[in-house]
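Notes to accompany the following structure.
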Number of protein chains: 2
Amino acid sequence: MERVTRRQVIGSVGLALGAGLVAGRVSPAFAKTEGPGREVPWPYRQLDPEVVAERGYHGYYKKHCMYGMFSAVVGELADRFGAPYQNFPMDMMEYGAGGVAGWATLCGALNGAAASIYLLSPSPKPVIDELFSWYTVSELPEYRPKNAKFDIVPSVAGSPLCHVSVGRWCEVSGFSSFSKQRSERCAWLTANVAKKTVELLNAQAQGKFAPVHPIPKEIQECRGCHGKGGEVENTRGKMSCTQCHQQEPEDHPVPFKKT
Amino acid sequence: MERVTRRQVIGSVGLALGAGLVAGRVSPAFAKTEGPGREVPWPYRQLDPEVVAERGYHGYYKKHCMYGMFSAVVGELADRFGAPYQNFPMDMMEYGAGGVAGWATLCGALNGAAASIYLLSPSPKPVIDELFSWYTVSELPEYRPKNAKFDIVPSVAGSPLCHVSVGRWCEVSGFSSFSKQRSERCAWLTANVAKKTVELLNAQAQGKFAPVHPIPKEIQECRGCHGKGGEVENTRGKMSCTQCHQQEPEDHPVPFKKT
């Protein structure tokens with residue numbers, strides 16, 4: 001892991017400003033970081049992915065996944081650069097815990113990541129797409145925190161949803177969804193998502209952002225009929241279709257390909 | 001609809017403070033509203049649900065569902081009371097659009113509602129539970145904005161997820177998920193969720209919050225084995241089980257009851 005130097009960090013402000021101008025999403029905060037900070041994006045300054053990952057791990061044990069992820073990135077910016085980052089009411093991000101107050105909807109690490117990306121990126125959507133796609137198809141966690149409590153086996157979530165992500169890991173690991181090991185797994189995952197988010201934001205700030213996780217072919221096939229411009233056009237989204245639509249409708253013209 | 005008077009609004013600050021003390025989640029912001037606003041919860045002051053609903057409707061057409069919902073509540077507080085509400089970088093909440101950047105995960109109106117509830121409530125979890133449960137089982141939208149563009153038929157989402165909520169409405173209405181009517185439906189829904197959120201927060205501030213939408217029996221039955229303390233203990237969450245688990249595993253001891 002290459003360390004990001006202070007010089008690189010300072011240099012990145014100019015790059016971020018450039019990227020912002022290209023994308024047409026530039027706020028006064030870019031020119032005046034001591035400003036009130038109401039406008040977004042706030043300037044992103046390159047961070048060390050490992051430092052942020054470790055913050056994510058420890059943040060998880062303070063106020064869970066979404067807070068862990070969001071405070072890893074925005075808290076690190078706050079500690080290094082002060083305002084406007086330090087003025088964010090960070091603790092509100094506890095709301096995303098367990099897929100929002102335990103509802104197991106969207107993975108809290110992803111919810112916090114998307115929030116931080118919109119707060120900090122001049123062109124947030126492609127970064128979120130890449131992050132969510134990576135999360136969905138990768139064996140995670142792949143980052144081991146320095147003071148890990150247990151060994152954690154990785155699994156492929158196949159989904160950005162908390163319930164599916166946790167359920168798949170329980171299947172693979174054999175642990176209960178209420179075990180200490182499952183908490184530790186989500187702490188690792190929070191660290192991992194924080195690390196990846198910062199890697200993507202750093203790449204974007206350097207003008208080197210290049211997504212490598214497109215929407216899988218199976219989903220694109222479904223979207224051919226069910227998505228925008230298709231015959232049926234009754235669905236939105238980029239999640240796996242067959243993960244929930246397990247039964248093939250009798251009159252469905254093309255056989256399902258299970259992902 | 002009973003209008004909330006200025007006097008009631010001012011009176012509610014004291015009540016909110018009292019509720020905060022009871023719940024043990026009191027921040028310096030309660031005592032000093034001109035403070036930096038880093039700590040949560042920020043003081044909630046009772047709002048007019050209809051005024052907030054209308055803001056939600058118009059906010060949807062500015063930056064979509066999550067922004068529409070969040071800015072309806074926090075923007076109304078900002079316009080009436082200034083700091084700390086006015087300092088929030090509201091535009092970041094665009095991230096939740098279409099279930100986060102179009103991924104169709106968590107409904108953006110609910111994501112924005114949960115965020116605002118954690119920011120403002122001294123005891124946020126029961127309010128989120130009640131809101132999400134109400135959203136899942138109710139015929140929505142039930143609130144008609146004053147300058148509606150179309151007539152919108154209601155539907156029951158059965159889920160807090162964007163994909164399911166939109167898909168069910170497309171089924172009931174016959175409209176495409178990319179139609180102007182679908183956008184209008186989501187604008188009404190944003191207004192409706194904003195109205196309900198404020199009604200629940202007002203009730204809590206008055207010490208009258210009483211949830212009436214428990215987790216449905218069918219889900220509780222599944223949780224008996226799959227949830228905390230059950231034999232299998234392999235799942236978390238409060239969403240419908242059979243909506244996605246459509247096929248009964250061959251060795252499942254009790255028949256599925258489809259919701």
Side-chain angles (χ1 to χ4, degrees), chain A residues 27 29 36-42 84 86-96 98-107 110-111 114-115 117-119 124-125 128-129 132 160-163 166-167 170-171 176-179 227-229 233-239 243-247, chain B residues 27 29 36-42 84 86-96 98-106 110-111 114-115 117-119 124-125 128-129 132 160-163 166-167 170-171 176-179 227-229 232-239 243-247:
Chain A
S27 78
R38 289 173 209 167
E39 310 272 324
V40 298
W42 289 354
Q86 70 183 10
N87 298 326
F88 197 97
M90 212 88 78
D91 290 358
M92 71 178 278
M93 292 303 182
E94 189 177 355
Y95 86 87
V100 179
W103 274 73
T105 66
L106 175 58
C107 164
L110 290 182
N111 205 359
I117 291 166
Y118 248 87
L119 184 65
K125 274 184 94 168
I128 293 175
D129 275 343
F132 277 39
L161 300 180
C162 167
H163 168 71
V166 167
C170 290
E171 249 178 70
S176 151
S177 63
F178 295 94
S179 62
K228 192 165 191 173
E233 216 183 54
N234 63 345
T235 191
R236 295 165 66 83
K238 300 164 198 170
M239 292 191 286
Q243 201 167 50
C244 292
H245 295 278
Q246 295 150 352
Q247 274 180 317
Chain B
S27 79
R38 289 174 210 168
E39 309 272 324
V40 298
W42 289 353
Q86 70 184 9
N87 298 327
F88 198 97
M90 211 88 80
D91 290 357
M92 71 178 278
M93 292 302 182
E94 188 176 355
Y95 86 86
V100 178
W103 274 74
T105 66
L106 175 59
L110 290 183
N111 206 359
I117 292 166
Y118 248 88
L119 184 65
K125 274 185 95 167
I128 292 176
D129 275 342
F132 277 38
L161 299 180
C162 166
H163 168 71
V166 166
C170 290
E171 247 177 70
S176 151
S177 64
F178 295 93
S179 62
K228 193 167 190 172
V232 191
E233 216 182 55
N234 63 346
T235 190
R236 296 165 65 85
K238 301 165 196 169
M239 294 191 285
Q243 203 167 46
C244 292
H245 295 278
Q246 295 150 354
Q247 274 180 316

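Residue numbers start from 1 in every chain, and the chains themselves are labelled A, B, ... in the order their sequence lines are given, proteins ahead of strands.
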Worksheet item: In terms of heavy-atom proximity below 4.5 Å to chain B, should A:Glu171 be classed as side chain, backbone, both, or neither?
Response: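 Contact with chain B involves no heavy atom of A:Glu171 at all.
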Heavy-atom pair count under 4.5 Å with chain B, highest-scoring of [options]:
options: A:Met93, A:His163, A:Met90; result: A:His163
options: A:Leu161, A:Val166, A:Ile128, A:Asp129; result: A:Asp129
options: A:Ala115, A:Gly99, A:Gly167, A:Ser179; result: A:Ala115

Closest heavy-atom pair and its distance - [X], [Y]:
X: B:Thr105; Y: A:Pro160; result: CG2-CG, 3.7 Å
X: A:Ala104; Y: B:Gly237; result: CB-CA, 3.4 Å
X: A:Met92; Y: B:Tyr118; result: O-CB, 3.5 Å
X: B:Gly227; Y: A:Phe178; result: C-CE1, 3.6 Å
X: B:Val40; Y: A:Pro89; result: CG1-CB, 3.7 Å

Expected output: side-chain B:Lys125 to main-chain A:Gly102 donor-acceptor under 3.5 Å
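No; judged by distance alone, with no hydrogens or angles, the pair does not exist.
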* To do: For the pair B:Gln246 (side chain) and A:Gln246 (backbone), establish whether a donor and an acceptor sit closer than 3.5 Å, ignoring hydrogens and angles.
  =>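 Confirmed, B:Gln246 side chain pairs with A:Gln246 backbone.
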Does the side chain of A:Asn111 pick up a donor-acceptor pair with the side chain of B:Tyr95 at under 3.5 Å?
->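 There is such a pair (donor and acceptor under 3.5 Å, judged by atom type) between the side chains of A:Asn111 and B:Tyr95.
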Worked check of side chain to side chain contact (heavy atoms under 4.5 Å, CB included) between B:Val100 and A:Phe132: CA-CA 10 Å; B:Val100 178; A:Phe132 277 39; 3.5 Å; yes
Region of B:Met239 that comes under 4.5 Å of a non-hydrogen atom in chain A: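 For B:Met239, backbone and side chain are both near chain A.
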- Listed by chain and number, what are the ring-ring contact (aromatic ring centres under 6.0 Å, His included) partners of A:Phe88, not counting sequence neighbours?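 Only A:Phe70, B:Phe88 meet the ring-ring contact (aromatic ring centres under 6.0 Å, His included) criterion with A:Phe88.
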